[in-house]
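I have placed the structure first, in the form of C-alpha cells, so that the comments after it can refer back to it.
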Amino acid sequence: MLVLIPHPTEILKLRKIQSQILKSIAAGCKKRENYEALGLYTSLPLWIPLPFLDSLKNAKIEKAMMTEPTFFNDRICSKVKVFYDGKDEESELILVKSLKEKKIPEVPLDFSKDFPMEFRIFRLGIAEKLSENAEAISESIWVKNGR
C-alpha cells in the first residue's frame with residue numbers, strides 16, 4: 001500500500017499533539033481507573049494510507065492538508081485531504097486509539113494554531129506488512145511542494 005510519510009519535523013509535532021490529547025483525556029477522567037480502563041495508546045507509525053493511489057512512480061501529489069483531530073468512538077483521528085492530478089481524495093491518520101475498543105470521552109481540545117497542517121515536504125513510500133504487528137517501507141521517494 002502506498003503511504004505518505006510526513007517530514008520528521010511534522011512527525012515531532014504530531015507526537016506532541018498525541019501526548020497533549022492523552023493528557024487532556026487523563027485530566028478529564030475523574031478517576032485514574034476510568035482512564036486506565038480505556039486502554040489508550042498513540043498510534044504508530046504516523047503514516048497516512050493512500051489507497052486511491054496505486055504507483056509510487058506515477059503519484060503526482062500537489063499538496064496534502066490535515067484537519068484538526070476529531071473523536072470517533074474508539075479512536076481520535078485527523079482527516080487528510082490529498083490533492084493530485086487535478087483530483088482530491090481523503091484519507092485519515094489515527095492519532096490515538098483505545099486498545100479495548102471503548103468509546104473515548106470527548107474532552108475540549110484546541111489545536112487551532114497547529115491545524116490545518118500542510119505537508120510541504122514528505123516521503124511517499126510502499127508499506128509492506130511483515131507480520132501482524134510490523135510494517136516496513138520497502139521503497140520511498142522524497143516530495144517537495146508536490147512534484
Side-chain angles (χ1 to χ4, degrees), residues 1-27 29 35-107 109-147:
M1 168 177 35
L2 205 57
V3 294
L4 185 148
I5 306 160
H7 187 275
T9 309
E10 272 94 24
I11 287 179
L12 182 61
K13 285 180 195 173
L14 291 170
R15 291 293 291 152
K16 288 179 180 176
I17 288 167
Q18 286 176 314
S19 178
Q20 290 173 340
I21 290 170
L22 291 179
K23 286 177 186 173
S24 296
I25 293 170
C29 288
Y35 176 72
E36 289 173 354
L38 292 171
L40 299 178
Y41 66 95
T42 56
S43 185
L44 290 173
L46 292 170
W47 301 340
I48 301 159
L50 304 174
F52 42 84
L53 295 174
D54 58 358
S55 168
L56 186 63
K57 304 275 187 270
N58 296 333
K60 291 182 173 51
I61 295 180
E62 293 138 24
K63 72 176 180 174
M65 300 280 292
M66 182 166 23
T67 63
E68 211 166 320
T70 311
F71 288 81
F72 291 99
N73 290 322
D74 67 336
R75 69 190 193 283
I76 299 169
C77 59
S78 288
K79 298 291 181 188
V80 180
K81 196 166 213 175
V82 179
F83 298 87
Y84 68 99
D85 295 333
K87 302 177 202 165
D88 61 272
E89 296 278 349
E90 203 168 76
S91 188
E92 73 175 18
L93 176 62
I94 297 173
L95 296 168
V96 174
K97 195 156 173 43
S98 171
L99 185 63
K100 300 176 181 178
E101 297 183 3
K102 293 191 175 190
K103 182 170 176 24
I104 299 172
E106 293 193 30
V107 295
L109 300 173
D110 182 23
F111 293 114
S112 56
K113 65 179 189 320
D114 299 309
F115 293 95
M117 184 183 290
E118 183 175 353
F119 299 116
R120 298 171 193 262
I121 302 172
F122 52 87
R123 284 190 310 154
L124 287 177
I126 299 172
E128 293 183 4
K129 196 162 189 83
L130 302 177
S131 68
E132 186 179 338
N133 297 317
E135 293 181 274
I137 299 295
S138 62
E139 184 181 347
S140 70
I141 57 171
W142 281 98
V143 178
K144 183 176 180 181
N145 293 328
R147 63 174 181 102

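Here the straight-line distance linking atom CD1 of Ile76 with atom OG of Ser24 works out to 9.0 Å at 0.5 Å rounding. We find the CG-CD1 distance between Asp114 and Ile17 to be 4.5 Å, quoted to the nearest 0.5 Å. Separating the NZ atom in Lys144 from the CZ atom in Arg120 is a distance of 11.0 Å, to the nearest 0.5 Å. Atom CG in Leu53 sits 5.5 Å away from atom CD1 in Ile61 (nearest 0.5 Å).
Partners of Asp85 according to the side chain to side chain contact (heavy atoms under 4.5 Å, CB included) rule, which considers only residues two or more places apart in sequence or in another chain, are Lys60. The side chain to side chain donor-acceptor pair (under 3.5 Å) check on Glu118 picks up nothing, with sequence neighbours excluded. When the salt bridge (charged side-chain N to carboxylate O under 4.0 Å, His left out) test is applied to Glu36, the partners found at least two apart in sequence or on another chain are Arg32. For Asp110, the side chain to side chain donor-acceptor pair (under 3.5 Å) partners at least two apart in sequence or on another chain are Ser112. For Gln18, the side chain to side chain donor-acceptor pair (under 3.5 Å) criterion is met by Arg15, not counting sequence neighbours.
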Could you tabulate the donor-acceptor pairs under 3.5 Å formed by side-chain atoms of residues 121-131, not counting sequence neighbours?
residue: Arg123; atom: NH1; partner: Ser140; partner atom: OG; Å: 3.1
residue: Glu128; atom: OE2; partner: Ser138; partner atom: OG; Å: 3.0

Considering only distance and modelled atom types, tabulate donor-acceptor pairs under 3.5 Å from the side chains of residues 88-99, sequence neighbours left out.
residue: Ser91; atom: OG; partner: Pro49; partner atom: O; Å: 2.5
residue: Glu92; atom: OE1; partner: Lys79; partner atom: NZ; Å: 3.3
residue: Glu92; atom: OE2; partner: Arg75; partner atom: NE; Å: 3.4
residue: Lys97; atom: NZ; partner: Asp74; partner atom: OD2; Å: 3.3
residue: Ser98; atom: OG; partner: Leu38; partner atom: O; Å: 2.6
residue: Ser98; atom: OG; partner: Lys100; partner atom: N; Å: 3.4
residue: Ser98; atom: OG; partner: Glu101; partner atom: N; Å: 3.3
residue: Ser98; atom: OG; partner: Lys102; partner atom: N; Å: 3.1

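Residue pairs meeting the salt bridge (charged side-chain N to carboxylate O under 4.0 Å, His left out) criterion with at least one partner in residues 133-142, sequence neighbours excluded, are Lys57-Glu139. Residue pairs meeting the ring pair (Phe, Tyr, Trp, His ring centres under 6.0 Å) criterion with at least one member in residues 50-93, sequence neighbours excluded: Phe52-Tyr84.
Between Ile137 and Val3, some side-chain heavy-atom pair lies under the 4.5 Å cut-off. Between Ile48 and Val82, every side-chain heavy-atom pair lies at or beyond the 4.5 Å cut-off. Between Phe119 and Val143 the shortest side-chain heavy-atom distance does not fall below 4.5 Å.
No donor-acceptor distance shorter than 3.5 angstrom exists from the side chain of Thr67 to the backbone of Ser78, with no hydrogens or angles considered.
Among all heavy-atom pairs drawn from Leu46 and Pro6, the shortest one is O-CD, 3.1 Å.
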